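Structure, as C-alpha cells:
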Amino acid sequence: MQAKWALRLIRVSAIFGLIGTVMGSHMAGAGSYAFRPVHAHILLVGWLSMFAWGIFYKNYKVNANKLLSTQGWTGIIGAIGLTAGMWLDFLEPFGENKLLSLPLYIGGGTILLLSFVLFAIITFKVQPNEDK
C-alpha cells in the first residue's frame with residue numbers, strides 16, 4: 001500500500017506541475033500576472049509537497065498505514081480545494097460568488113493544514129530502509 005501511495009502522490013504532483021507550468025507560461029505570454037498567487041500555490045503545495053511526500057514514502061517504511069492513507073487523501077483534496085478556491089476567489093471567472101469560492105479556499109486550506117500535521121506525525125512513525 002505504501003508503494004501505491006508513493007507513486008500516486010508523485011503522479012498527482014506531476015499533474016500539478018504541468019498545470020503550474022502551463023499557467024506560468026500563459027502569464028508570461030499574456031503579460032499578465034493575475035494568476036501569480038494561484039500559480040505559486042499550485043507549484044508549492046501541489047507539485048513540490050506531493051512530490052516530497054511521495055519520495056519520503058518510497059524511502060521510509062511507515063508503521064501506520066491508515067494514517068498514511070488519511071494524510072495522502074487530505075493532501076490531495078486540500079491542495080485541489082485550496083488552489084481551486086484561490087482561483088475562484090481572486091480571479092472571479094464566473095463573477096463574484098463567495099458562496100462557492102470561500103468554502104473551497106478556506107476548507108481546502110484547512111484540510112491541507114491537517115495533511116501537513118499528519119505528515120509531521122508520520123515522520124516519527126518510520127523505520128529507515130536498511131538497503132539504502
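Note that the structure is a prediction, hence the values are computed from the model and not measured.
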> What are the two closest non-hydrogen atoms of Gly54 and Ala6, and how far apart are they?
Replying inline: O-CB, 3.4 Å

>> Using 0.5 Å steps for rounding, measure from the CD1 atom of Ile77 to the CG atom of Leu82.
In response: 13.5 Å

>> Classify the ring geometry of Phe119 against Trp53: parallel below 30°, tilted from 30° to 60°, perpendicular beyond 60°.
In response: tilted

> What distance separates Phe94 CZ from Leu88 CG, expressed to the nearest 0.5 Å?
Replying inline: 6.5 Å

Donor-acceptor contacts, no H, no angles, side chain residues 107-118, under 3.5 Å, sequence neighbours left out:
residue: Thr110; atom: OG1; partner: Ile106; partner atom: O; Å: 2.8
residue: Ser115; atom: OG; partner: Gln71; partner atom: O; Å: 3.0
residue: Ser115; atom: OG; partner: Gln71; partner atom: NE2; Å: 3.0
residue: Ser115; atom: OG; partner: Thr74; partner atom: OG1; Å: 3.4
residue: Ser115; atom: OG; partner: Gly75; partner atom: N; Å: 3.2

>> Nearest 0.5 Å, please: how far is CG in Leu104 from CE in Met86?
In response: 12.5 Å

> Who passes side-chain hydrogen bond (donor to acceptor under 3.5 Å, both in side chains) against Ser69, sequence neighbours left out?
Replying inline: Trp5

>> I'd like to know if Tyr60 and Ile121 are part of one continuous hydrophobic network [Ile/Leu/Val/Met/Phe/Trp/Tyr, side-chain heavy atoms within less than 4.5 Å].
In response: yes

> Excluding sequence neighbours, so at least two apart, what forms side-chain hydrogen bond (donor to acceptor under 3.5 Å, both in side chains) with Lys98?
Replying inline: Asp89

> Is atom CZ of Phe56 surrounded by more than 12 heavy atoms (other residues, nucleotides or ligands) closer than 6.0 Å?
Replying inline: yes

> Side-chain contact, heavy-atom cut-off 4.5 Å: Phe35 with Trp87?
Replying inline: yes

>> Hydrophobic clusters here meaning ILVMFWY residues chained together by side-chain heavy-atom distances under 4.5 Å, can you tell me if Tyr33 and Ile42 are in one?
In response: yes

>> The criterion is side-chain hydrogen bond (donor to acceptor under 3.5 Å, both in side chains); which residues satisfy it with Trp47, sequence neighbours excluded?
In response: none

>> Just to verify, what does Ala40 make a side-chain contact (heavy atoms from CB on, under 4.5 Å) with, not counting sequence neighbours?
In response: none

>> Side-chain heavy atoms nearer than 4.5 Å, only ILVMFWY residues, links allowed to pass through others: does that put Val126 and Leu7 together?
In response: no

>> Hydrophobic clusters here meaning ILVMFWY residues chained together by side-chain heavy-atom distances under 4.5 Å, can you tell me if Ile55 and Val62 are in one?
In response: no

Mind listing the side-chain donor-acceptor pairs of residues 8-28 below 3.5 Å, one per line with the distance, residues two or more places apart or on another chain?
residue: Ser13; atom: OG; partner: Ile10; partner atom: O; Å: 2.7
residue: Thr21; atom: OG1; partner: Gly17; partner atom: O; Å: 3.0
residue: Thr21; atom: OG1; partner: Leu18; partner atom: O; Å: 3.1

>> Looking at Val38, is its backbone amide N or carbonyl O close enough to the side chain of Thr83 to form a donor-acceptor pair, meaning the two atoms are under 3.5 Å apart?
In response: no

> If you take all heavy atoms of Leu48 and Leu44, which pair is closest and at what distance?
Replying inline: CB-O, 3.4 Å

